[in-house]
Amino acid sequence: MATPYTPTVTGTGVRATIQRFGGHLAGMIMPNIGAFIAWGLITALFIPTGWLPNKTLAELVGPIISTLLPVLIGYTGGRMVHAQRGAVVGAVATMGVVVGADVPMFLGAMIIGPLAALILKYVDRFTAERTKAGFEMLVDNFTAGIVGAVMAIAGVLAIGPIVEKVTEVAGSGVEWLISHSLLPIASVIIEPAKVLFLNNAINHGVLGPLGVAESVKHGKSILFMLESNPGPGLGLLIAYLLFGPRSLRPSTPAAMIIHFFGGIHEIYFPYVLMKPRLILAVIAGGASGVLTFLVTGAGLVATPSPGSIFAYMAVTPKGGWFGVIAGIVIATAVSFAVAAALLGFGRANGDQADDPAQGAAPNDTTPNDTNTNDTTITSGENRDTTGETAAESVPATKEA
């Protein structure tokens, strides 16, 4: 099902399949970003280490992250598959994984919500042709209830524990990278995947759930910043503004505003795809930003979505401004430096290819003089027609 968050992807290749899968993940998360921001603000303000510590209001943090947000995701995922009936069944089934695990079940909700709706969709197809007139509502209600109950039980006994184990394994891998100061290596995978428009799948489908689990334990998480850092993209766009092809420079100021202040990172992806070698610039910027976050102990309390500087500041914990800002600034500087070098500081941006053609243009008119029959013959060739001479002189000029 296509939504504003899951644009239609054409093709059947591996890339298209991954993009389509990532689009569905984004489609379950993005409509509920407001709820995530609400949870992030409550967390940043009222937890014991927040800006306005309040024990009573801080009690909202746990139920929202463990129950409300997964149920919203499961509801949205079910709605994408089978409209309102799928949404209701998806929400009921999600309660199963919520009860069956001790960690926030974002991944579990993304699995069981659409799955329950898909099963109900097939059940509805089966019963639609076999239900007598007047019994439609009765059958629809009971089929939805039965599917919801069965999937909720499956969530408690199977899906929830499995997803919890997978989350623990992934979390252990991230912890290993952190403990060995190797987390910047993740940028080698994250940045190229972002350029292929898999940013939402990575951020909301993988890093977000892991970051939430870490934030619940420690009050903040660096995982929220691995994909969402606006620094690498900003540095790349500044390099394009100063040293990129002249035809593209006028478009970069608006792109920078949309990217840095609006948080729409997709705006800079085409700039990388036009010159694929610039992927090295955003990788270097992303890795340097992550390293800075590690060294300064920076972290956020929730996913900064969209990834703008305003969202970053809104979910920065008390006392964490320096590390967050330093990571963004350094990522911007490194990305800019590498991109500028790859662009040849304006000397290798492709503009020179246009100048010779412009300089040769006057020569193209020379053979048009109809009175130069013999003088236009070149290289000693015995040609006495101006048409033949002109026909060969034009491509010779272009080659020059």
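At distances below 3.5 Å, at least one donor-acceptor pair connects side-chain atoms of R249 with backbone N or O atoms of G244. No side-chain donor-acceptor contact under 3.5 Å links T252 to the backbone of A255. Put simply, the side chain of S335 never gets that close to the backbone of A331: no donor and acceptor are under 3.5 Å apart. K220 places no side-chain N or O within 3.5 Å of a backbone atom of A302 that could act as its donor or acceptor partner. With R85 contributing its side chain and D140 its backbone, the two residues share a donor-acceptor pair below 3.5 Å. Panel note: side chain S215, backbone G211; no donor-acceptor pair is recorded below 3.5 Å. With hydrogens and angles disregarded, a donor-acceptor distance shorter than 3.5 Å links the side chain of E136 to the backbone of G134. When atom types are taken as modelled, the side chain of N54 and the backbone of L57 share a donor-acceptor pair closer than 3.5 angstrom.
Taking the six-membered ring for Trp and thresholds of 30 and 60 degrees, H259 and H265 have ring planes inclined between 30 and 60 degrees apart.
To the nearest 0.5 Å, atom CD1 of residue I42 and atom CD1 of residue I64 are 4.0 Å apart. Atoms CG and CD1, on L207 and I190 in that order, are 5.0 Å from each other to the nearest 0.5 Å. Taken to the nearest 0.5 Å, the CH2 atom of W321 stands 13.5 Å off from the OH atom of Y312. A distance of 11.0 Å separates CE of M256 from CD1 of I258, quoted to the nearest 0.5 Å. For the atom pair CG (L72) and OG1 (T94), the distance works out to 9.5 Å, reported to the nearest 0.5 Å.
Annotation: cation-pi geometry satisfied between R130 and F126 (NZ/CZ under 6.0 angstrom from ring centroid, within 45° of ring axis).
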For this session: Could you check I73 against F106 for side chain to side chain contact (heavy atoms under 4.5 Å, CB included), going step by step and ending with a plain yes or no?
Result: CA-CA 7 Å; I73 293 172; F106 291 175; 3.9 Å; yes
For this session: Please lay out, stage by stage, how F224 and E214 fare under the test side chain to side chain contact (heavy atoms under 4.5 Å, CB included).
Result: CA-CA 10 Å; F224 293 130; E214 184 175 300; over 6 Å; no
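Between F293 and I330 there is no side-chain heavy-atom pair separated by less than 4.5 Å. Looking at heavy atoms from C-beta onward, M28 lies out of side-chain contact with Y75 at the 4.5 angstrom threshold. Put simply, the side chain of T332 reaches to within 4.5 Å of the side chain of I238, judged on heavy atoms. The shortest side-chain heavy-atom distance between M225 and V290 does not fall under the 4.5 Å cut-off. L118 places none of its side-chain heavy atoms less than 4.5 Å from the side chain of H82. The closest side-chain heavy-atom distance from F322 to T296 is below 4.5 Å. F261 is not listed as a side-chain neighbour of P230, based on a closest heavy-atom distance of 4.5 Å or more. Between K275 and L343 there is a side-chain heavy-atom pair separated by less than 4.5 Å.
No side-chain donor-acceptor contact under 3.5 Å links S251 and Y240.
Each of V97, V92, I112, V156 was checked for a side-chain contact (heavy atoms from CB on, under 4.5 Å) with M151, and the lone residue meeting it is I112. Each of V163, L157, I162 was checked for a side-chain contact (heavy atoms from CB on, under 4.5 Å) with I159, and the lone residue meeting it is V163.
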